[in-house]
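First the structure, in the form of structure tokens, and then the observations on it.
The residues of the chain are indexed from 1 along the displayed sequence.
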Amino acid sequence: MLETQDAHSTARPRVVFLIEEFDRITTPLGLVTDAARAAFLGISPPALSKIRNGHNGPSADFIAAVRTALPAVSYERLFTTTTTTTEER
């Protein structure tokens, strides 16, 4: 039987960008500023800043930009999932 969360649970899964790992990968490529990293991904510096600072989670478009820019790097190396509750949000 497939295990599921309680239907009344307030927990919600979300994707988390592993920014420190992204920095470790992009620094040797000469991308040492958020402006350079954002340009590499084809996004705006403010969009990357909001993800870096935890104001926004990574959108599907952001994940696609990272995967396109770094196709040899696995999804699991740069993203993870976590569960937040209503109280944590």
Side-chain angles (χ1 to χ4, degrees):
M1 179 178 204
L2 178 64
E3 291 185 34
T4 61
Q5 289 185 342
D6 180 345
H8 301 330
S9 173
T10 60
R12 182 174 171 204
R14 66 181 186 96
V15 175
V16 177
F17 183 49
L18 302 175
I19 194 74
E20 296 84 9
E21 187 63 18
F22 178 70
D23 291 350
R24 277 192 284 278
I25 293 166
T26 56
T27 297
L29 300 176
L31 305 171
V32 296
T33 66
D34 276 353
R37 290 177 175 128
F40 177 70
L41 296 177
I43 65 171
S44 71
L48 181 57
S49 177
K50 287 177 183 177
I51 292 169
R52 176 180 293 279
N53 295 321
H55 296 291
N56 290 351
S59 66
D61 287 342
F62 178 81
I63 293 168
V66 171
R67 299 291 297 130
T68 300
L70 298 167
V73 179
S74 71
Y75 173 89
E76 293 80 10
R77 187 167 171 198
L78 291 171
F79 298 93
T80 191
T81 57
T82 189
T83 305
T84 58
T85 61
T86 304
E87 296 82 37
E88 293 174 341
R89 296 180 76 217

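In this structure, CD1 on Ile43 lies 12.0 Å from CZ on Arg37, to the nearest 0.5 angstrom. With rounding to the nearest 0.5 Å, the separation of OG1 in Thr27 from CZ in Phe22 is 9.0 Å. With rounding to the nearest 0.5 Å, the separation of OG1 in Thr26 from CG in Leu70 is 7.5 Å. Ser44 contributes atom OG, which lies 8.5 Å from atom CG of Leu48 (distance to the nearest 0.5 angstrom). In this structure, CG on Asp34 lies 8.0 Å from CG on Asn53, to the nearest 0.5 angstrom. One finds the CG atom of Leu78 at 11.0 Å from the CD atom of Glu20 (value rounded to the nearest 0.5 Å).
The minimum heavy-atom distance linking Pro45 with Ala35 is given by the pair CG-CA, 4.1 Å. Scanning all heavy atoms of the two residues, the minimum distance from Pro58 to Val15 falls at CD-O, 3.3 Å. Here the closest non-hydrogen pair linking Leu18 and Arg77 is CD1-O, 3.5 Å. Across Leu41 and Ala69, no two heavy atoms sit closer than the pair CD2-CB, 3.8 Å. When every heavy atom of Ile25 is checked against every heavy atom of Leu29, the shortest pair comes out as O-CG, 3.7 Å.
Ile19 and Val16 are assigned to two separate hydrophobic clusters, defined by single-linkage of ILVMFWY side chains at heavy-atom distances under 4.5 Å. The cluster map of Ile, Leu, Val, Met, Phe, Trp and Tyr, joined by side-chain heavy atoms under 4.5 Å apart, puts Phe17 and Tyr75 in the same cluster.
Without hydrogens or angle criteria, Arg67 side chain to Phe62 main chain gives no donor-acceptor distance under 3.5 Å.
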